[in-house]
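Hydrogens, waters and symmetry mates play no part in the numbers below; they use all other heavy atoms, side chains included. A, B, ... follow the sequence lines: proteins, then strands. Residue 1 opens every chain.
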Protein chains: 2
Amino acid sequence: MDAKKVEKISKALADPNRLLILKELRKNKNCLYCTDVYEFVDLTQPSISHHLKLLTDAELIIPTKEGRNMKYTLNNKMIDQYVNFLQTLKS
Amino acid sequence: MDAKKVEKISKALADPNRLLILKELRKNKNCLYCTDVYEFVDLTQPSISHHLKLLTDAELIIPTKEGRNMKYTLNNKMIDQYVNFLQTLKS
DNA sequence: CGAACATATCGAAGTATTTCGATGTTTCTA
DNA sequence: TAGAAACATCGAAATACTTCGATATGTTCG
């Protein structure tokens, strides 16, 4: 994993609301609809949309279109790759 | 590991210069002096001092005073804790 | 088709981060 | 003890991030 990617993922993880989204994603069996997020994140719709976009761009979550809804699932593979990078920091 | 700590560590990892410092730290057998950093990070002394402070505040590196020099070592334990948190995100 | 719903995008305001030059503090050494 | 060396701190400028209201786009359903 190259430095740019590590930076992007780290940035995506560096916000309390986005961490909250990821945590709830796990609770909900790795499946979350955009509308669900309003219930536990106290932000307006455009802000939530923005945060979901950053998580998507970092490939930490994978969006799927279902009619007029968006379904998000956690990308376990990307977390694994990120963890692998962190392990290489250790000697 | 609480959310605030995760956020702090993620922020510390979300910068190319700080990632560079961590990478070089591993190369140098987890031991780095402040002056060493000038050689691979193209920033002024105050900026490097600032970045080292953020890494220290996140407890990713541990500073030791040696006379008028500062020695930095990687904090493997904190990386492990951070990795543990990331693993809990997966289901 | 038209209204309602779900989400995305745009532009702007507020806030945080990065970077620097100038200067302060501590420690070593001649 | 004076000067240099290593690092920290301060204040300001530039840049980036977060958030919002307004509005646009795509989808469903009556």
| request: Answer yes or no: does a side-chain N or O of A:Ser49 lie under 4.0 Å from OP1 or OP2 of C:dT7? | output: no

| request: Would you indicate whether the side-chain heavy atoms of B:Asn75 and B:Ile61 approach each other to under 4.5 Å? | output: no

| message | Please report the distance, rounded to the nearest Å, between OH in B:Tyr72 and P in D:dA6. | response | 14 Å

| field | For atom CD of A:Glu39 and atom P of C:dA6, their distance in whole Å | value | 12 Å

| request: Return each pair, listed once, that meets salt bridge (Lys or Arg N to Asp or Glu O under 4.0 Å) where at least one residue sits in residues 43-57 of chain B; pairs must be two or more places apart or across chains. | output: B:Lys53-B:Asp57

| query | For the pair made of CG in B:Asp36 and P in D:dA6, what is the distance, rounded to whole Å? | reply | 11 Å

| task | Rounded to the nearest angstrom, tell me the gap between atom NZ in A:Lys8 and atom C1' in D:dC17. | result | 15 Å

| request: Identify, between A:Asp15 and B:Lys53, the residue whose nearest nucleotide on DNA chain D lies closer to the 5' end. | output: B:Lys53

| Hey, does B:His51 reach any base, or is it just sugar-phosphate, or nothing, if we go heavy atoms under 4.0 Å? | sugar-phosphate

Side-chain donor-acceptor contacts of residues 3-23 of chain A below 3.5 Å, not counting sequence neighbours, with atom names and distances?
from	atom 1	to	atom 2	distance (Å)
A:Lys5	NZ	A:Ala58	O	3.3
A:Lys5	NZ	A:Glu59	OE1	2.5
A:Glu7	OE2	A:Lys11	NZ	3.1
A:Ser10	OG	A:Val6	O	2.8
A:Ser10	OG	A:Tyr82	OH	2.8
A:Ser10	OG	B:Leu13	O	3.4
A:Asp15	OD1	A:Asn17	N	2.9
A:Asp15	OD1	A:Arg18	N	3.1
A:Arg18	NE	A:Ala12	O	2.8
A:Arg18	NH1	A:His51	ND1	2.9
A:Arg18	NH2	A:Lys11	O	3.0

| task | Take the protein atom CZ of B:Arg18 and the nucleotide atom C1' of C:dT19, then report the distance between them rounded to whole Å. | result | 12 Å

| said: Apply side chain to side chain contact (heavy atoms under 4.5 Å, CB included) to residues A:Lys71 and A:Leu32 and explain how you reach the verdict. | reply: CA-CA 6 Å; A:Lys71 188 176 87 175; A:Leu32 204 64; over 6 Å; no

| field | Runs of at least three consecutive pairs that involve DNA chain C, where pairs are Watson-Crick or G-U with distances under 3.5 Å | value | C:1-30 with D:1-30

| said: Could you tell me if the side chain of B:Leu52 sits less than 4.5 Å from the side chain of B:Tyr72, heavy atoms only? | reply: yes

| task | For the side chain of B:Met70, starting at C-beta, report the closest nucleotide among C:dT7, C:dT19, D:dC7. | result | D:dC7

| request: Answer yes if A:Leu74 and A:Met1 sit in the same cluster of Ile, Leu, Val, Met, Phe, Trp and Tyr residues linked by side chain heavy atoms under 4.5 Å apart, and no otherwise. | output: yes

| Could you state the CG-C1' distance from A:Leu13 to D:dC17, rounded to the nearest angstrom? | 16 Å

| message | What's the closest nucleotide to the side chain of A:Asn17 if the choices are D:dT19, D:dT18, C:dT9? | response | D:dT19

Distance-only donor-acceptor hits, side chain of residues 40-48 of chain A, under 3.5 Å, sequence neighbours excluded:
from	atom 1	to	atom 2	distance (Å)
A:Thr44	OG1	A:Ser47	OG	3.3

| Candidate nucleotides C:dC20, C:dT18, D:dT18, ranked by approach to the side chain of B:Leu54 - the nearest | C:dT18

| Are any side-chain N or O atoms of A:Asp36 and backbone N or O atoms of A:Tyr33, one a donor and one an acceptor, separated by less than 3.5 Å? | yes

| said: For a quick test of reading the model: is some side-chain N or O of A:Ser47 closer than 4.0 Å to OP1 or OP2 of D:dT18? | reply: no

| field | Among C:dT9, C:dT19, D:dA8, the nucleotide that comes nearest once only the side chain of B:Leu43 is considered | value | C:dT19

| Nearest-angstrom distance from the residue atom OH of A:Tyr38 to C1' of C:dA6 | 7 Å

| request: With the side chain counted from C-beta on, respond yes when A:Lys65 and A:Met70 share a heavy-atom pair under 4.5 Å apart, and no when they do not. | output: yes

| said: Can you build the contact string for nucleotides 11-16 of chain C? Use B for base contact, S for sugar-phosphate-only contact, and - for no protein heavy atom under 4.0 Å. | reply: ------

| Do the side chains of A:Leu89 and B:Leu55 join up, straight or via other hydrophobic residues, at under 4.5 Å, putting them in one cluster? | yes

| task | Kindly work out whether a path of hydrophobic side-chain contacts (I/L/V/M/F/W/Y, heavy atoms less than 4.5 Å apart) joins A:Phe85 to B:Met78. | result | yes

| query | What's the CG-C1' distance between B:Leu52 and C:dT18, to the nearest Å? | reply | 14 Å

| query | With the sugar-phosphate defined as primed atoms, P, OP1 and OP2, and the base as all remaining atoms, what B/S/- string results for nucleotides 21-30 of chain D, 5' to 3', for protein heavy atoms under 4.0 Å? | reply | BB---SBS--

| message | If you compare every side-chain N and O of A:Thr35 against the phosphate oxygens of C:dT7 (OP1, OP2), does one of them come in below 4.0 Å? | response | yes

| said: Please determine whether residues B:Leu54 and B:Val37 belong to a single hydrophobic cluster, defined as Ile, Leu, Val, Met, Phe, Trp and Tyr linked transitively by side-chain heavy-atom distances below 4.5 Å. | reply: no

